[in-house]
Amino acid sequence: MQNCQYQFSATMALHSFFSYCSLPFISFFFCFFFFFHGEGAFSPSPEEVGICEAVVRPYGYKCQEFEVTTEDGYILGMQRIPVGRNGVIGGTRQPVLLQHGVLMDGMAWLLNSPEQSLAFVLADNGFDVWIGNIRGTRSSYRHVSLKPSDRAYWAWSWDELVVNDLPAMIDLVSKQTKQKLHYVGHSLGTLIALASFSEGRVVDKLRSAALLCPIAYLDHMKTKLGILAAKLFVGEILSNLLGLAEFNPKGLEASKWLNKLCSYPDVNCYDLLTAFTGNNCCLNGSTVQLFLEYEPQPTSTKNMVHLAQTFRDGVLTKYNYGANNIQIYGQSTPPIYNLSNIPNSLPLYLSYGGRDSLSDTEDVEHLLQDLKLHDTDKLVLHFVQNYAHVDFIMGVSAKQVVYDSMMAFLRQQ
């Protein structure tokens with residue numbers, strides 16, 4: 001392995017960073033460790049002091065840390081930015097919950113400047129901002145009886161996020177504010193919301209839902225790395241053969257497995273963000289450096305297998321246990337999440353991009369077929385031709401391109 005050069009300027013682009021490191025993934029994490037934990041590393045870290053203290057209060061915003069325990073015992077951390085930077089409360093502020101995607105956490109909404117990051121933008125525009133963090137991420141790494149080193153701690157997929165995590169977070173916001181709230185999800189945050197709405201969960205506590213890069217179907221996913229990973233999850237390799245319950249891209253076992261993926265023809269891992277999400281148009285180097293410092297976050301291997309099943313099967317179902325489906329579900333196939341059951345009167349805002357390799361436009365069209373009977377005045381579609389998956393949360397132009405339109409929608413509900 002060649003040595004990694006890790007003294008970079010704040011504006012160096014992601015592609016340039018990866019060109020310094022040979023052997024994808026294994027060397028990536030080697031570079032990651034020395035670049036961000038060696039001389040010149042960012043401090044303090046959210047692991048040490050929490051997200052509020054690390055990245056919100058330094059910009060002059062008030063920030064509060066909350067905890068809520070799910071019915072199955074996971075202790076979830078949440079952050080609240082109750083007012084804008086000027087501190088003026090002025091009237092009733094509508095609460096909005098931001099929910100991140102897979103392999104990320106609430107930091108996803110805070111990586112740009114206050115003028116560009118959605119959490120700050122919403123707070124400065126009169127909203128009471130709440131940031132959710134699903135189980136297994138840095139703010140939600142505890143359980144009432146299990147430890148992350150226990151295999152049982154990671155025995156969940158996004159089904160459990162639908163049933164436990166999302167209701168727990170929404171209930172907390174509802175009880176604290178005594179109001180219905182707006183929901184904003186990105187990627188996996190949209191998937192668990194749609195599945196939840198289809199089962200009639202949490203809808204009575206919401207004013208509206210804004211879904212950025214909506215994920216319901218993945219069968220037209222175009223990222224070669226993602227497709228290969230999904231296909232190789234067929235035998236649940238990591239979980240069953242390697243005994244790896246936690247999927248941590250920074251961990252040795254996961255990085256070894258991912259490194260094998262990168263050895264396949266036509267799979268380019270030297271620009272990982274593009275390899276997974278598509279050709280993002282509007283990221284800057286300093287934001288990418290923060291992304292590399294704070295993300296990715298762990299998830300369960302079972303969760304990754306469930307996402308792979310969604311890609312392979314072309315339908316949205318609960319976790320497929322194979323021969324054990326009859327014992328668990330009382331039928332040979334897992335139950336389907338019927339998205340046409342989403343209440344037609346629930347205000348929905350869907351924003352998606354033409355370059356997105358994960359939330360592909362054909363899959364979004366499939367979702368829209370499920371919503372074809374939705375009240376026309378309750379469904380707003382917003383298409384951005386040159387945006388890919390990460391532009392919606394890290395793009396420097398996202399406020400003008402997406403957030404202003406989305407805030408106008410929220411204010412109308």
Side-chain angles (χ1 to χ4, degrees), residues 50-52 56-57 60-100 105-106 109-110 117-135 139-140 144 161-186 189-190 192-197 199-212 342-349 375 378 380 403 406-413:
I51 288 178
C52 279
V56 180
R57 294 188 187 122
Y61 291 84
K62 293 181 180 180
C63 190
Q64 303 165 340
E65 299 274 2
F66 285 82
E67 289 183 349
V68 62
T69 302
T70 67
E71 288 191 3
D72 56 348
Y74 290 83
I75 302 171
L76 309 181
M78 299 182 69
Q79 292 76 41
R80 182 188 191 184
I81 309 176
V83 295
R85 186 157 41 170
N86 62 14
V88 177
I89 297 177
T92 302
R93 301 172 68 89
Q94 295 181 5
V96 55
L97 172 63
L98 305 182
Q99 187 55 54
H100 61 82
D105 70 345
W109 309 104
L110 300 161
S117 298
L118 181 57
F120 295 130
V121 168
L122 286 168
D124 286 337
N125 279 271
F127 292 92
D128 178 3
V129 179
W130 294 75
I131 299 173
N133 301 273
I134 64 169
R135 62 185 65 188
S139 296
S140 305
V144 295
L161 306 183
V162 170
V163 173
N164 295 300
D165 289 31
L166 190 58
M169 291 186 285
I170 288 177
D171 284 347
L172 177 66
V173 177
S174 178
K175 290 176 181 177
Q176 287 288 325
T177 64
K178 306 291 193 296
Q179 295 185 65
K180 290 187 175 184
L181 55 140
H182 301 289
Y183 178 89
V184 179
H186 175 252
T190 71
I192 62 176
L194 289 166
S196 180
F197 301 160
E199 295 189 331
R201 303 177 188 274
V202 307
V203 175
D204 61 327
K205 294 182 173 64
L206 297 183
R207 291 176 182 265
S208 70
L211 309 179
L212 308 180
I342 295 175
N344 294 335
S345 59
L346 176 64
L348 295 176
Y349 175 95
D375 294 351
K378 298 295 184 181
V380 174
Y403 304 159
M406 185 188 74
M407 286 189 294
F409 165 82
L410 298 181
R411 290 192 180 102
Q412 293 172 359
Q413 311 311 317

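A quick note: this is a predicted structure, and the numbers were derived from the prediction, not measured. Position 1 is the first residue of the sequence, and the numbers go up from there.
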Chemist: If every non-hydrogen atom of Gly185 is compared with every non-hydrogen atom of Thr190, which pair is closest and at what distance?
Modeler: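 Closest approach of Gly185 to Thr190, heavy atoms only: O-CG2, 3.3 Å.
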Chemist: Set out, in order, the CA-CA distance, both residues' side-chain angles and the distance that settles side chain to side chain contact (heavy atoms under 4.5 Å, CB included) for Leu181 and Val96, then state yes or no.
Modeler: CA-CA 5 Å; Leu181 55 140; Val96 55; over 6 Å; no
Chemist: To the nearest 0.5 Å, tell me how far Leu206 CG sits from Ser196 OG.
Modeler: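 If we round to the nearest 0.5 Å, Leu206:CG and Ser196:OG are 8.0 Å apart.
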Chemist: I'd like to know if the side chain of Arg207 reaches the main chain of Lys180, judged simply by a donor and an acceptor atom lying under 3.5 Å from each other, with no hydrogens or angles considered.
Modeler: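 Checked: pair present.
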Chemist: Nearest 0.5 Å please: distance from the CZ atom of Arg57 over to the NZ atom of Lys62.
Modeler: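 NZ of Lys62 is found 11.5 Å from CZ of Arg57.
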Chemist: Side-chain donor-acceptor pair under 3.5 Å between Gln64 and Gln79, yes or no?
Modeler: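 There is no such pair between these side chains.
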Chemist: About how many Å separate CD1 of Ile51 and OG of Ser139, when rounded to the nearest 0.5 Å?
Modeler: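 Spacing of OG (Ser139) from CD1 (Ile51) equals 3.5 Å.
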Chemist: Apply side chain to side chain contact (heavy atoms under 4.5 Å, CB included) to residues Trp109 and Leu122 and explain how you reach the verdict.
Modeler: CA-CA 11 Å; Trp109 309 104; Leu122 286 168; over 6 Å; no
Chemist: Minimum heavy-atom separation for Val184 to Leu118, with atom names?
Modeler: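 So the two residues come closest at CG1-CD2, 4.0 Å.
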Chemist: For the residue pair Asn133 and Ser140, what are the closest heavy atoms and their distance?
Modeler: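 Residues Asn133 and Ser140, closest heavy atoms: O-OG, 2.7 Å.
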Chemist: Which heavy atom of Leu166 sits nearest a heavy atom of Ala193, and at what distance?
Modeler: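 It is CD2-CA, 4.0 Å.
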Chemist: How long is the span from the CD atom in Gln413 to the CG atom in Leu348, to the nearest 0.5 Å?
Modeler: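 One gets 9.5 Å once the value is rounded to the nearest 0.5 Å.
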Chemist: Scan Asp165, Leu172, Ile134 and name whichever one has a side chain to side chain contact (heavy atoms under 4.5 Å, CB included) with Leu76.
Modeler: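 Going through the options one by one, the only one that passes is Asp165.
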Chemist: Going by heavy atoms in the side chains, are Asp171 and Lys205 under 4.5 Å from each other?
Modeler: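 Yes; the side chains approach each other to less than 4.5 Å.
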Chemist: What is the minimum heavy-atom distance between Ile131 and Gly106, and which atoms define it?
Modeler: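 Heavy atoms of Ile131 and Gly106 come nearest at CG2-CA, 3.4 Å.
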Chemist: Work out which heavy atom in Val162 is nearest to a heavy atom in Arg201; give both atom names and the distance.
Modeler: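 Taking Val162 first and Arg201 second, the nearest heavy atoms are O-CD, 3.8 Å.
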Chemist: Evaluate the side-chain proximity of Trp130 to Thr177: yes if any heavy-atom separation is below 4.5 Å, no if none is.
Modeler: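 Side-chain contact under 4.5 Å: yes.
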Chemist: Does Gln99 form a side chain to side chain contact (heavy atoms under 4.5 Å, CB included) with Leu161? I'd like the steps, not just the answer.
Modeler: CA-CA 11 Å; Gln99 187 55 54; Leu161 306 183; over 6 Å; no
Chemist: Just how far is it from atom CZ of Arg93 to atom CD1 of Ile81, taken to the nearest 0.5 Å?
Modeler: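 Here the interatomic distance stands at 10.0 Å.
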Chemist: Has Ser208 got a side-chain atom pairing as donor or acceptor with Pro347's backbone, closer than 3.5 angstrom?
Modeler: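 No, the answer is negative, given that no donor and acceptor are paired below the 3.5 Å cut-off.
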Chemist: With distance as the sole test, does Gln94 use its side chain to make a donor-acceptor pair with the main-chain N or O of Gln179 at under 3.5 Å?
Modeler: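 Here the side-chain-to-backbone pair does not exist.
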Chemist: Determine, step by step, whether Met407 and Phe127 satisfy the side chain to side chain contact (heavy atoms under 4.5 Å, CB included) criterion, reporting the C-alpha distance in whole Å, the side-chain angles of both residues, the deciding distance to 0.1 Å, and the verdict.
Modeler: CA-CA 9 Å; Met407 286 189 294; Phe127 292 92; 4.2 Å; yes
Chemist: Let me confirm one number: the OH-OG1 distance from Tyr74 to Thr69, rounded to the nearest 0.5 Å.
Modeler: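 So the OH of Tyr74 and the OG1 of Thr69 are separated by 12.5 Å.
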Chemist: Name the one of Asp124, Val83, Val129 that satisfies side chain to side chain contact (heavy atoms under 4.5 Å, CB included) with Tyr61?
Modeler: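 It is Asp124; the other options fail the test.
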